[in-house]
Amino acid sequence: MRIKTFEEYQVAYKQSVDDPEGFWAEVAQQFQWRKPWKKVLSWDFHEANVKWFEGGVMNITENALDRHLAERGNQPAIIWEPNNPEDQAVSISYNVLYDRVCRFANVLKKHGVKKGDRVCIYLPMVPELTVAVLSCARIGAIHSVVFGGFSAKSIADRINDAACTMVITSDGAFRGSKVIPMKETVDAALDQCDTVKNVIVMTRTRTPVSMLKGRDHWWEEEVKHVDSNCPAEPMDAEDTLFILYTSGSTGKPKGVVHTCGGYMVYASYTFANVFQYQPGDIHFCTADIGWITGHSYIVYGPLCNGATSVVFEGIPTYPDAGRFWQIVERHKVNIIYTAPTAIRSLMSYGLDYVKKYDLSSLKTLGSVGEPINEEAWHWFKDNIGGGTCPLVDTWWQTENGGIMISPLAGITPEKPTFATLPLPGIQPVLVDENGKEIEGNGVSGNLCVKFPWPGIIRTTYGDHERCKQTYFSTYPGMYFTGDGCMRDEDGYYRITGRVDDVLNVSGHRIGTAEVENAINMHLGVVESAVVGYAHDIKGQGIYAYVITEEIPDDPDMFRKDIAATVSRIIGPIAKPDKVQFVTGLPKTRSGKIMRRILRKISEGDVNNLGDISTLLDPTVVEDIKKGAY
Ligand code: PRX
């Protein structure tokens, strides 16, 4: 399963294309299955149907926990680094994690949660988040983790879409110097949800919270009264493991569905190979478990490999910009996996924060979430990796389950700003506007994948048609990623960014339509159009053009009010960075907003707007260029 040389990579890649079923069956055999699968793969991209290891019976927690107890029961599974560096870090061994998961799984059962039920998890980065996720998996309940920065309305939308029957949350969260309410936000969400019967509340900040008799229960009390034995629920490989909501170019966020067997195999295989994990390595992924990166590379990938995974509660700049490096030194981290936005932000504080710490334990650096610019790539490689640690720029998406295009650390070549080569099993293609494959090297196009891999999205929860439309209809017969990409003369891939109306702000995926809908809900707003613009730290910033009923008396205050509404409707991550009030928007005769023009104006490229003759009213462009008011 482990690739150790470039030649082995080439052999594995070829085998994965010539005989994908044989290739993945061999990988999958290394896991623990209760019953072997009957069929490795069946697929039909036209109907968006893919099944891996059908008929196989397993439980991912037996692979993430039980399997390791005999050999490494006392090894830390998780090292928890709290928000405040003066508080003691907590090390949780595989034995203890197993015990906590079994107990909490029994708490879920006691409250009537069964296989197939949906459980919403809204927690800060505390060990209980990992425990909650694995406890759901233990009993076959489907977890839907919602990132702790989302608003009550976003939580409610997700709970209602999946008809969750339980929510797991905390009283509050520590985030840098702030204390953030969690339960209060869940309470506001639950005013809009009928399906939730029980809420389990973990104590973190011990801020006052309302606890409703019959519905709300304290985590710490609940776990006192349950058995520590909880046999894992037998799951078919194609039973749903989790739902994770992500933004697209239209409508509300959709629930990406991943299933047990294929996801386990893919997240684990990619973890081991991309980072070249060695037994005993300490792995620090700085993402939040509320995103797919945390699911695959804090929880499931590392634990299925028996690794030690660092869970960090805080933020990179608290109490100062040396926090990541302090954690590396403190826990002798071997692999650090972070995002370009964090690197760019930390770069701006200077090297003094880096030099204070001993980073010699590091062996591998990883980047994910957005294109990494050359300057950030070199800064990371030279100053954090001492110029010698391999740096893997990993491209993938929520819908992919695991890393798709990336170097294998120290094994396959690196090229700054390039995700480089596809992993075994991944068959990328570039297509032109008409869906025609662009062959050869030194070319650019829209990135598709023409063959399934075990971690591919199975459906969008409750709406299979939407899955078909979003990913499999633009270029029939292929999975469309929504990304633009170039393949250079050497056949290396470089992701250039989204080609649809999806923004990537600090590595977070945000739909322009979602932000527009939120802005349009603000009193006095007639219409809005949102585009991304190049932002030094965030990668992309959010630029909103807003038409108001009347010219605002105090435009700055109005801007702040709009930001407050967006924060309330979606969450602070979606707040516009810039709001320009305009009297009209550039629309085609059929009413479609020409974002291409707005993007150029937002980047200050006003003399190069291209053809505007198809606009219903070309004069609006002049007004926008002037900055109407
Ligand atoms: O545009 C690509 C960008 O992030 C998108 C996926 O976002 P999400 O589903 O939130 O998952 C993020 C983490 C897996 C992609 O469509 N993206 C992700 N990684 C890279 C990237 N763009 C360039 N280079 C990357 N390494």
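Every heavy atom of this structure was used, including side-chain atoms; hydrogens, water molecules and symmetry mates were not. For this chain, numbers begin at 1 and follow the sequence in order. Whatever order the structure lists them in is the order used to number ligands and atoms, beginning at 1. What you are looking at is a predicted structure, and each value in this text was computed from that prediction instead of being measured.
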Please determine whether side-chain hydrogen bond (donor to acceptor under 3.5 Å, both in side chains) holds for the pair Arg344 and Asn373, giving the CA-CA distance in whole Å, both sets of side-chain angles, and the decisive distance to 0.1 Å. CA-CA 9 Å; Arg344 286 190 299 264; Asn373 49 308; 3.1 Å; yes
Quick one: list whatever passes side chain to side chain donor-acceptor pair (under 3.5 Å) with Gln540, sequence neighbours left out. none
With under 30° as parallel and over 60° as perpendicular, where do the rings of Phe472 and Phe45 fit, or are they tilted in between? tilted
Distances under 3.5 Å, N/O of ligand 1 against N/O of the protein: list each pair and its distance.
from, atom 1, to, atom 2, distance (Å)
ligand 1, 1 (O), Asp483, OD1, 2.6
ligand 1, 1 (O), Asp483, OD2, 3.3
ligand 1, 4 (O), Gly369, O, 3.2
ligand 1, 4 (O), Asn504, ND2, 3.4
ligand 1, 9 (O), Thr398, N, 2.8
ligand 1, 9 (O), Thr398, OG1, 2.6
ligand 1, 9 (O), Arg509, NH1, 2.7
ligand 1, 16 (O), Gln397, NE2, 2.9
ligand 1, 16 (O), Asp483, OD1, 3.3
ligand 1, 16 (O), Asp483, OD2, 2.6
ligand 1, 16 (O), Arg498, NH1, 2.8
ligand 1, 17 (N), Gly369, O, 3.4
ligand 1, 19 (N), Gly369, N, 3.1
ligand 1, 22 (N), Pro371, N, 3.4
ligand 1, 24 (N), Glu370, O, 3.3
ligand 1, 26 (N), Asp393, OD1, 2.8
ligand 1, 26 (N), Thr394, O, 2.7

Lys51 atom NZ, neighbour heavy-atom count above 12 within 6.0 Å: no
Hey, can you tell me if Trp325 and Trp379 have their rings parallel, tilted or perpendicular (30° and 60° cut-offs)? tilted
Aromatic ring proximity, centroids under 6.0 angstrom, His258 and His295: no
